[in-house]
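Report on the following structure.
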Amino acid sequence: MIEFSDVSQQYETEKPIIRNLSLTVSQGEFVVLIGPSGCGKTTLLKMINGLILPNSGEIRIKGKELKEWDPITLKRNIGYVIQQVGLFPHLNIEKNIAYALDIQKTSETKKKERARELINLVGLEEGYLGKYPNELSGGQKQRVGIARALAADPEIILMDEPLGAVDQINRAVLQDEIIRIYQTLNKTIVFVTHDIEEAIKLGTKIVVMNQGEIMEVGSRDTIVFHSKSHFADDFIGNKGFLSYLNIVKIKQVVCSFNESSNGNTKEMPLWVSEADPLIVGIRMCLENGVNLVGVLDTAGRVVGAFDLGCLSRLTF
């Protein structure tokens, strides 16, 4: 879907922004770019959209070299979501969402249908379509920004720290919404963040960058537990491990009672849900001085047990 081959970018009087970088983003992947400020994450995103061209190397989108694309056609294939959202203040939410469809001269009926479809997809009620941006909260504006990026049904979605200005509670909710949208639409997403927990929660592939170079590429399991880069190891650190425990669900490590308690559920005083993150089960055991707690499914049925040896059952 997207391929960088030995790409470099440098302005005349500055140090290189991107250095001999090679990266492949496959169709349907959720790739998160993470690293310190100034490491080249946003530049990489802008290159995909054709806003910045490389000094050397090659970028291919859907098998076609970047400079061979018509700029307008390329941008119609790519949705872009930024932190500042950039909604048009003089247009209501329906018209903001449908803006890309205006350019494509889509009929009014189809624009209205698409706006209603997308406002529901991002978790807002249809009543918001008649409102204006200044009537929305920051989190609501971000949802509209995501809806607008999806309006023309692009194959690729670029997100540049879209949740950076949203408070922590709404940020977690919006992260869940982005995961749901990704799973529903199966788009290819490239997402920039500086937040380690956000990267581990969202990405099917995580790319750790520093000074214009890729330090590590892998799944969250690889990045947290099997990093081969000293920089990535230091950058992710303990926060990555704690984030992992706060994201991965108990369901992935639950064992049978026969394994852990000889099948005796009556003597199990403490219970957790299989939908709880690992950290909940660990805290339950440590705070109560026990090695084992029972596990219920979302309907309250007994499904097994959780113990402090749970991590040994994870497959990395």
Is there side-chain contact between N77 and W69, with at least one heavy-atom pair below 4.5 Å? yes
Mind checking whether I34 and I206 have side chains closer than 4.5 Å, heavy atoms only? yes
Could you tell me if the side chain of L202 sits less than 4.5 Å from the side chain of Y182, heavy atoms only? no
Quick check for you: to the nearest 0.5 Å, what is the distance between T298 atom OG1 and D276 atom CG? 11.0 Å
Examine the side chains of D160 and Y80 and answer whether a donor and an acceptor come within less than 3.5 Å of each other. no
Any residue meeting side chain to side chain contact (heavy atoms under 4.5 Å, CB included) with S37, in chain and number order, not counting sequence neighbours: none
Check the hydrophobic clustering (I, L, V, M, F, W, Y; side-chain heavy atoms under 4.5 Å; chains of links allowed) and say if V280 and V295 are grouped together. yes
Is the side chain of R19 donor-acceptor paired with the backbone N or O of Q211 at a distance under 3.5 Å, no angle test? yes
Within the supplied structure, the quantity of interest is the number of heavy atoms (other residues, nucleotides, ligands) at a distance under 6.0 Å from E65 CD; does it exceed 12? yes
What distance do E125 atom CD and I119 atom CD1 have between them, rounded to the nearest 0.5 Å? 10.0 Å
Whether the side chain of N49 engages the backbone of L51 through a donor-acceptor N/O pair (distance < 3.5 Å, no angle test) should be reported. no
Y99 atom OH, over 12 foreign heavy atoms within 6.0 Å: no
S243 side chain to K239 main-chain N or O, any donor-acceptor pair under 3.5 Å? yes
Is the Lys NZ or Arg CZ of R148 less than 6.0 Å from the centre of F88's six-membered ring, within 45° of the axis? yes
Do you know the tightest heavy-atom contact between E29 and S26? OE1-N, 2.8 Å
Would you say CD of E68 has more than 12 non-hydrogen atoms from neighbouring residues, nucleotides or ligands within 6.0 angstrom? yes
Of all the heavy-atom pairs spanning A172 and K201, show the shortest one and how long it is. O-NZ, 3.6 Å
Quick check for you: to the nearest 0.5 Å, what is the distance between E58 atom CD and S5 atom OG? 5.5 Å
So CD1 of I52 and CD of Q9: to nearest 0.5 Å the spacing works out to 6.0 Å
Can a salt bridge be assigned to the pair D153 and K187 using a cut-off of 4.0 Å between side-chain N and carboxylate O? yes
Without swapping roles, check the side chain of K205 against the backbone of T24 for a donor-acceptor pair under 3.5 Å. yes
Side-chain donor-acceptor pair present, E198, T193, cut-off under 3.5 Å: yes
Looking only at heavy atoms, which two atoms of V254 and A305 are closest? And how far apart? CG2-O, 3.4 Å
Determine yes or no for a side-chain-to-main-chain donor-acceptor pair under 3.5 angstrom, with Q142 supplying the side chain and G139 the backbone. no
Closest approach of S229 to M215 (non-hydrogen atoms, all atoms of both residues): CB-O, 3.2 Å
Using the rule that Ile, Leu, Val, Met, Phe, Trp and Tyr join whenever any side-chain heavy atoms are under 4.5 Å apart, tell me whether Y11 and L53 fall into a single cluster. yes
Is N20 close to V7 at the side-chain level, that is, under 4.5 Å between some pair of heavy atoms? no
Flag if over 12 foreign heavy atoms under 6.0 Å of NZ, K75: yes
Looking at M47 and P54, what are the two nearest heavy atoms and their distance? CE-CA, 4.0 Å
Can you establish whether the number of heavy atoms outside K67 located under 6.0 Å from its atom NZ is more than 12? no
Residue of the set R114, K112, K111 for which side-chain hydrogen bond (donor to acceptor under 3.5 Å, both in side chains) holds with E94: K112
Can you find a heavy atom in the side chain of S227 that is under 4.5 Å from one in the side chain of T222? no
Ignoring hydrogens and geometry, is there a side-chain-to-backbone donor-acceptor pair from N288 to M284 under 3.5 Å? yes
pair K131-N92: side-chain heavy atoms closer than 4.5 Å: no
Around atom CG of N238, are there more than 12 heavy atoms of other residues, nucleotides or ligands at under 6.0 Å? no
Can you tell me how far the CZ atom of R171 sits from the CG atom of D176, to the nearest 0.5 Å? 13.0 Å
May I ask you to decide whether R180 forms a salt bridge with E177, counting only side-chain N to carboxylate O separations under 4.0 Å? yes
Close side-chain approach of L296 to V303, heavy-atom, < 4.5 Å: no
May I ask you to decide if the ring planes of F191 and F30 are parallel, tilted or perpendicular, using 30° and 60° as cut-offs? tilted
Return the CZ to SG distance between F235 and C39, rounded to the nearest 0.5 Å. 7.5 Å
Is there side-chain contact between L44 and L23, with at least one heavy-atom pair below 4.5 Å? yes
Taking all non-hydrogen atoms of both residues into account, name the closest pair between G28 and N186 and its distance. CA-OD1, 3.9 Å
